[in-house]
Amino acid sequence: ELKVEQNPLFLSMQEGKNYTIYCNYSTTSDRLYWYRQDPGKSLESLFVLLSNGAVKQEGRLMASLDTKARLSTLHITAAVHDLSATYFCAVARYNNNDMRFGAGTRLTVKP
Amino acid sequence: KAGVTQTPRYLIKTRGQQVTLSCSPISGHRSVSWYQQTPGQGLQFLFEYFSETQRNKGNFPGRFSGRQFSNSRSEMNVSTLELGDSALYLCASSLERLQETQYFGPGTRLLVL
C-alpha cells in the first residue's frame, strides 16, 4: 500500500530563514506533486516532479525528487510572510490507479 | 482565460439523498480530476476523466461516480449520502494529463445532516 509521510506537520519560521519540508513515500511512484493551500481556500499546484533528480524552482520555493530514497523535499529560502500556508505533497502510481496525499505541513512565517 | 468553476459552492443535504456537483475546466483543458478533503481523512483522490473516459480512480465506494461531457465539463455524483461524505470537493483541470500543472476550482463545500 502506498503511504506518504510529510514532516514536519507544523512549522513556525522567522522571516528571512531557510527551511525544508520532507515528503517520504513507501513504494515506487510515477510522479510527485507539491501543492499549497491558504486557509479556507482551494489548492494551488506548485510543482510536478517526474523523474529521479528532478529539481524545480519558483521564487523562494525549490522542490527536488530522489526516487531511490523515495524522498522529495520542498526547500524554502529566505521565508516571507506571504509563504504562510499549508503545503501538501502527493504521490501517484497510475498503473495501480493510486494517488495519496501527505497530511500537510502548516507553515507560519513570523516577522 | 476564465479559471475552473465549480457549482454549487455550498450545499446542504440529508443522509440518504444524492448530490451532483459540477466542474467546468479551463477552456482547452481535457483532463478533469476530483478530490475530497475532510478534516479526518485529509485530501483524497477520487477520479480523473479525460476525453469523456474515466482514466484513473481512487479508493472510494461505488456511491461515488462521475462523468465527463464532450465539452470537457465534468459532474460528480454521490448517491445515498452518509454523514462522512461532508467535505470540500475540489476539481482540477489540466491540458492533457495529470503530470502537467493542474488548476483548481474554488471547491464545493458539502454538508450532510
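Convention: sequence-line order gives letters A, B, ...; per-chain numbering from 1.
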Gap between atom [atom2] of [Y] and atom [atom1] of [X] - 0.5 Å precision:
| X | Y | atom1 | atom2 | answer |
| --- | --- | --- | --- | --- |
| A:S42 | B:Y103 | OG | OH | 13.5 Å |
| A:R100 | B:N59 | CZ | CG | 6.5 Å |
| B:L43 | A:L43 | CG | CG | 5.5 Å |

Checklist entry - What residue in B:G105, B:G107, B:G42 has the most heavy-atom pairs under 4.5 Å with chain A? => result B:G105
Item to check | Check against side chain to side chain contact (heavy atoms under 4.5 Å, CB included), A:M99 and B:E48 | outcome: CA-CA 11 Å; A:M99 180 178 184; B:E48 184 216 357; over 6 Å; no
Heavy atoms from other residues, nucleotides or ligands near [atom1] of [X] exceed 12 (cutoff 6.0 Å):
| X | atom1 | result |
| --- | --- | --- |
| B:R15 | CZ | no |
| A:E5 | CD | no |
| A:R70 | CZ | yes |
| A:Q57 | CD | yes |
| B:F64 | CZ | yes |
| B:R109 | CZ | no |
| A:Y22 | OH | no |

Checklist entry - Please walk me through it: do A:F101 and B:Q37 pass side chain to side chain contact (heavy atoms under 4.5 Å, CB included)? => result CA-CA 10 Å; A:F101 285 81; B:Q37 186 174 28; over 6 Å; no
Item to check | When A:Q37, A:E44, A:K41 are compared by non-hydrogen pairs under 4.5 Å with chain B, the top option | outcome: A:Q37
Checklist outcome for this item: Bottom line for A:F88: the part with an atom under 4.5 Å from chain B's heavy atoms is side chain
Checklist entry - Do A:Y35 and B:F104 make the cut of ring centroids closer than 6.0 angstrom? => result yes
